[in-house]
Amino acid sequence: MNKKITVIPGDGIGPEVIRSAIKVLDCIAAKFNHEFTYQYAKLGGVAIDEEGTPLPQRTIDLCKDSDGVLLGAVGGPKWDTLPGSLRPEKGLLGIRKALQLYANLRPVKAHKSLLDASTLKKEVVEGVDLLIVRELTGGLYFGQPQERRHEADGEAVVDTLYYKKSEIERIVKQAFELARLRNKKVTSVDKANVLESSRLWREVAVEVAGNYPDIELEHMLVDNAAMQLIRNPKQFDVVVTENMFGDILSDEASMLTGSLGMLPSASIGGDGPGLYEPIHGSAPDIAGKNIANPLATILSVAMMLRFSFHWIEEADAIEEAVTNVLEAGYRTGDIAEKGETILNTDEMTEKVLENIHLAITN
Ligand code: IPM
Ligand code: MN
């Protein structure tokens with residue numbers, strides 16, 4: 001099979017972890033008799049520097065004309081003082097919107113061999129396997145107006161939390177569909193004791209649940225959810241929530257796995273290609289040093305093969321290779337315990353490649 005992939009390295013450690021991901025894709029192509037055509041596109045800081053905008057039209061066109069989009073990371077201190085509309089992050093939000101990627105899937109799985117890397121107790125994180133389904137194209141991130149105001153009595157500011165019922169419906173449905181393939185429980189997270197948007201969210205969740213009698217629905221207030229995630233994360237299966245809550249809770253949940261450097265994500269839902277990216281940022285402090293953890297991006301590749309191409313065997317091969325490499329004790333700096341040998345980005349990638357080879361020749 002031939003697939004065309006738009007590759008967006010972005011900023012900071014983006015290009016390094018993307019290089020690793022491409023090596024993994026090439027390895028899968030060779031092993032399973034596929035062919036990938038890569039087309040590179042600019043987004044974020046690098047696009048601002050070279051083209052004067054965080055999201056060039058050409059990038060949107062390239063993405064739309066492909067089977068999947070693989071993204072590194074965007075942003076960095078260099079562009080932090082630019083006005084909101086010109087920041088690198090605006091490029092990321094813009095491409096999510098342009099491709100109508102309303103569903104962001106963030107699986108959080110505690111790897112057995114990494115239990116000690118978490119700041120939480122082993123008993124708490126052992127066996128954690130949850131999926132955050134984050135609404136990605138609405139809410140505070142996109143609501144208008146979003147502006148500063150100069151009012152008679154001083155400066156003021158407004159962000160808008162806006163949702164159409166249809167937007168809530170489609171993401172909640174997505175969560176129920178995914179729960180059906182997992183442990184059949186959906187936790188809908190909101191702030192219905194305060195926000196009107198959350199009250200509609202809750203009503204819609206109940207309505208949608210009517211069509212899924214086999215799935216258990218529970219509601220949880222977001223402050224409680226933040227607490228429950230570290231108190232007893234094993235109670236969760238699928239967590240569905242609006243854009244901003246999902247952003248915050250997914251960073252929190254990543255620590256159950258020991259590092260932000262471990263978590264992949266898939267953004268899907270549009271008519272066109274899905275977008276796959278690690279949930280970590282561009283980590284400018286370690287950029288260019290070949291020490292970043294490439295596993296989140298490599299696992300994002302596995303998600304692309306699974307969700308966009310429906311190549312289950314190939315996706316499993318990558319995920320198993322990552323598990324094996326961790327079980328064999330290989331670590332990048334972010335997940336290493338005192339005294340453990342630390343591999344750099346390229347060395348870690350090599351270990352994953354070796355393992356894919358092994359798994360398949362066996
Ligand atoms: C994420 C990131 C982005 C977000 C930023 C970089 C705009 O934190 O993907 O979680 O808030 O969505
Ligand atoms: Mn985030």
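Both ligands and their constituent atoms are indexed starting at 1 by order of listing.
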Next on the checklist: Closer than 2.8 Å to the Mn ion (ligand 2): how many protein N, O or S atoms are there?
Outcome noted: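 That number is 1, waters not included.
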Checklist entry - Which class fits the ring pair Phe32 and His34: parallel under 30°, tilted 30 to 60°, perpendicular over 60°? => result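 Judged by the thresholds at 30° and 60°, the geometry between Phe32 and His34 is parallel.
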Item to check | Pair Asp346 + Arg19: basic N to acidic O under 4.0 Å | outcome: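 A salt bridge is absent here (no side-chain N lies under 4.0 Å from a carboxylate O).
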Item to check | Intermediate values then yes/no, side chain to side chain donor-acceptor pair (under 3.5 Å), Gln144 and Thr160 | outcome: CA-CA 6 Å; Gln144 293 299 328; Thr160 302; over 6 Å; no
Give every pair formed by an N or O atom of ligand 1 and a protein N or O atom closer than 3.5 Å, one pair per line with both atom names and the distance to 0.1 Å, or write none.
unit_1: ligand 1; atom_1: 8 (O); unit_2: Asp247; atom_2: OD1; d: 3.4
unit_1: ligand 1; atom_1: 9 (O); unit_2: Arg96; atom_2: NH2; d: 2.7
unit_1: ligand 1; atom_1: 9 (O); unit_2: Arg106; atom_2: NH2; d: 2.9
unit_1: ligand 1; atom_1: 10 (O); unit_2: Arg106; atom_2: NH1; d: 3.2
unit_1: ligand 1; atom_1: 10 (O); unit_2: Arg106; atom_2: NH2; d: 3.0
unit_1: ligand 1; atom_1: 10 (O); unit_2: Arg134; atom_2: NH1; d: 3.2
unit_1: ligand 1; atom_1: 10 (O); unit_2: Asp247; atom_2: OD1; d: 2.9
unit_1: ligand 1; atom_1: 11 (O); unit_2: Tyr141; atom_2: OH; d: 2.6
unit_1: ligand 1; atom_1: 11 (O); unit_2: Asp247; atom_2: OD1; d: 3.4
unit_1: ligand 1; atom_1: 12 (O); unit_2: Arg96; atom_2: NH1; d: 2.7
unit_1: ligand 1; atom_1: 12 (O); unit_2: Arg134; atom_2: NH1; d: 3.3
unit_1: ligand 1; atom_1: 12 (O); unit_2: Arg134; atom_2: NH2; d: 2.8

Next on the checklist: Set out, in order, the CA-CA distance, both residues' side-chain angles and the distance that settles side chain to side chain donor-acceptor pair (under 3.5 Å) for Glu277 and Ser265, then state yes or no.
Outcome noted: CA-CA 5 Å; Glu277 56 175 324; Ser265 86; 4.5 Å; no
Item to check | Leu229 to Leu130 - nearest heavy-atom pair and separation | outcome: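 Scanning both residues completely, I find the closest heavy atoms to be CD2-CD2, 4.0 Å.
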Checklist entry - Is it the case that one hydrophobic cluster holds both Ile279 and Leu178, taking links as side-chain heavy atoms less than 4.5 Å apart, direct or via other members? => result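 Both belong to a single hydrophobic cluster.
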Item to check | Residue pairs passing the ring-ring contact (aromatic ring centres under 6.0 Å, His included) test where at least one lies in residues 155-206, sequence neighbours excluded | outcome: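 For residues 155-206: Tyr163-Trp201, Phe176-Tyr212.
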Next on the checklist: Side chains of Asn324 and Glu320 only: does a donor on one sit below 3.5 Å from an acceptor on the other?
Outcome noted: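 No pair is found: no donor N or O on one side chain lies under 3.5 Å from an acceptor on the other.
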Item to check | Where at least one partner belongs to residues 138-151, residue pairs that pass salt bridge (Lys or Arg N to Asp or Glu O under 4.0 Å), sequence neighbours excluded | outcome: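 Qualifying pairs: Glu147-Arg149, Arg148-Glu155.
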